[in-house]
There are 2 protein chains.
Amino acid sequence: MFFLKELPTRQMLETYSERYPGMNAEAVAEALRLLRRGSLLMRELDAYFTGHTLSQTRFLVMIVIDRELERKSLLASEIADRLDISRPVVTETVKALSQAGLLSSIPDPEDGRAKRITLTPNGQAVLASLLPGYFAIIADFMARPADRTG
Amino acid sequence: MFFLKELPTRQMLETYSERYPGMNAEAVAEALRLLRRGSLLMRELDAYFTGHTLSQTRFLVMIVIDRELERKSLLASEIADRLDISRPVVTETVKALSQAGLLSSIPDPEDGRAKRITLTPNGQAVLASLLPGYFAIIADFMARPADRTG
DNA sequence: TTCATATAGTTAGCATCCTAATCATAGGAG
DNA sequence: CTCCTATGATTAGGATGCTAACTATATGAA
């Protein structure tokens, strides 16, 4: 998260730019807007999931399983790959979601080390119930002018 | 952080769009690109600061003090406001930076509750030494095409 | 002056993420 | 078959963020 509220003014960046000749003031300004805007959207989504006893990561874990077309299950390592998060986080997230009855994991019959993780019917229902609100937050956020996003 | 690696294809979003009529597929696609790109840049910056015994937040705390034009010091609450982070985080960050000799905080003579936090000369030097690399990472990142950012 | 309320900062406790180390199974070279 | 290495998953420990509750000081109304 990057929440610098008042981004540097153009003039401040020019000043830095004189001190640090290699720097590209326009690229920096654009990057800071990107970071700020992304963080604000993330904060809104986090609040949404927290309000539903979930988290961004737990939601995304369910999403990547749900969106598999030819398979019903993923291995923990596959989830970690698709989400670009560390494996311990997957372990912990799957444990929590399983306890909540949203996922189930069964030993892989073809690989004694692996577990196949699937959405339970309840998990599918919860995911389906969350998506409209998720899309609504995004649509609302993207419709706001960038400088009014915060 | 939001690290969904393979963003949904246009077709998948269309499919969701049929299931969830309120959703704006284009806005969602753009939002996901924003989140992914922002997260990747943040990850690169985090790695940079970690490699210099710092963190994004510690760096930003120094930045907002440094960029005050008319004042040399800020209160913890002012830092929290400018960075949009919680006060306990400021407390902890200032403590760590003070122990590292980069900040100093003295009791405010006009308000017995407050502390005035300033950059030490060493803090200014460290900040100055970090900025070129910081700007270089940003410039490099922004120069890469968006679909090759990861 | 006195008390209620607001504000500055800290502490405590929780959530979430990471890396490094560990355990168990797979799979291939010999 | 046996051993070495690779891979799936977990555990342990640390960093960083948050909210809620607390302490101390300030401020203003009665």
Side-chain angles (χ1 to χ4, degrees), chain A residues 1-4 35 39-40 42-61 73-100 103-117, chain B residues 1-4 35 39-40 42-61 73-100 103-117:
Chain A
M1 305 290 214
F2 175 92
F3 285 128
L4 188 61
L35 290 174
S39 294
L40 287 170
M42 202 123 58
R43 179 181 273 184
E44 292 191 21
L45 293 174
D46 274 341
Y48 176 67
F49 292 122
T50 298
H52 289 80
T53 338
L54 271 181
S55 72
Q56 180 99 229
T57 298
R58 291 180 188 184
F59 172 78
L60 288 174
V61 165
S73 71
L74 288 178
L75 305 185
S77 49
E78 292 173 322
I79 294 173
D81 272 359
R82 283 163 174 67
L83 294 185
D84 214 0
I85 58 179
S86 70
R87 287 180 186 199
V89 171
V90 176
T91 295
E92 144 63 25
T93 304
V94 168
K95 198 196 325 179
L97 287 174
S98 297
Q99 277 166 5
L103 293 183
S104 76
S105 77
I106 58 170
D108 187 322
E110 294 171 12
D111 186 333
R113 300 165 299 180
K115 291 179 172 179
R116 296 191 176 178
I117 298 156
Chain B
M1 304 292 210
F2 173 93
F3 283 128
L4 189 61
L35 290 173
S39 294
L40 287 169
M42 203 122 60
R43 181 180 273 187
E44 290 191 23
L45 294 174
D46 274 340
Y48 177 68
F49 292 123
T50 299
H52 290 80
T53 338
L54 272 182
S55 72
Q56 180 99 230
T57 298
R58 292 182 187 182
F59 172 77
L60 288 174
V61 165
S73 71
L74 288 177
L75 305 185
S77 48
E78 293 173 322
I79 294 173
D81 272 358
R82 282 163 175 68
L83 294 186
D84 213 0
I85 57 178
S86 70
R87 288 180 186 198
V89 170
V90 176
T91 295
E92 144 62 27
T93 304
V94 168
K95 198 197 324 179
L97 287 174
S98 297
Q99 277 166 6
L103 293 184
S104 77
S105 77
I106 58 169
D108 187 322
E110 293 172 12
D111 186 334
R113 300 166 298 180
K115 291 178 172 180
R116 296 190 176 180
I117 298 156

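Each chain gets a letter, A, B and so on, in the order its sequence line appears, and its residues count up from 1.
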- Partners meeting side-chain hydrogen bond (donor to acceptor under 3.5 Å, both in side chains) with Asp111(A) (sequence neighbours left out):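 Once residues adjacent in sequence are excluded, the partners of Asp111(A) under the side-chain hydrogen bond (donor to acceptor under 3.5 Å, both in side chains) criterion are Arg113(A).
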Using atom [atom1] of [X] as one end and atom [atom2] of [N] as the other, report the distance to the nearest whole Å.
X	N	atom1	atom2	value
Leu54(A)	dA15(C)	CG	P	14 Å
Arg116(B)	dG9(C)	CZ	C1'	16 Å
Glu110(A)	dG8(D)	CD	P	14 Å
Leu60(A)	dT16(C)	CG	P	13 Å
Lys115(A)	dC23(C)	NZ	C1'	13 Å
Met42(A)	dG17(D)	CE	P	13 Å

- Between Arg43(A) and Val90(A), name the one whose nearest nucleotide on DNA chain D is closer to the 5' end.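 Going by which nucleotide is closer to the 5' end, it is Val90(A).
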- Query: Base, sugar-phosphate, or nothing: which does Asp108(B) touch, judged by heavy atoms less than 4.0 Å apart?
  - Reply: nothing
- Nearest-neighbour nucleotide for the Val89(B) side chain, dA26(D), dT16(D), dG17(D) considered: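 Looking only at side-chain atoms, Val89(B) lies closest to dG17(D).
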- Between dT23(D) and Arg113(B), is there an OP1 or OP2 to side-chain N/O distance shorter than 4.0 Å?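 No, outside the criterion.
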Restricting to nitrogen or oxygen on both sides, can you table the protein-nucleotides 11-13 of chain C pairs closer than 3.5 Å?
none

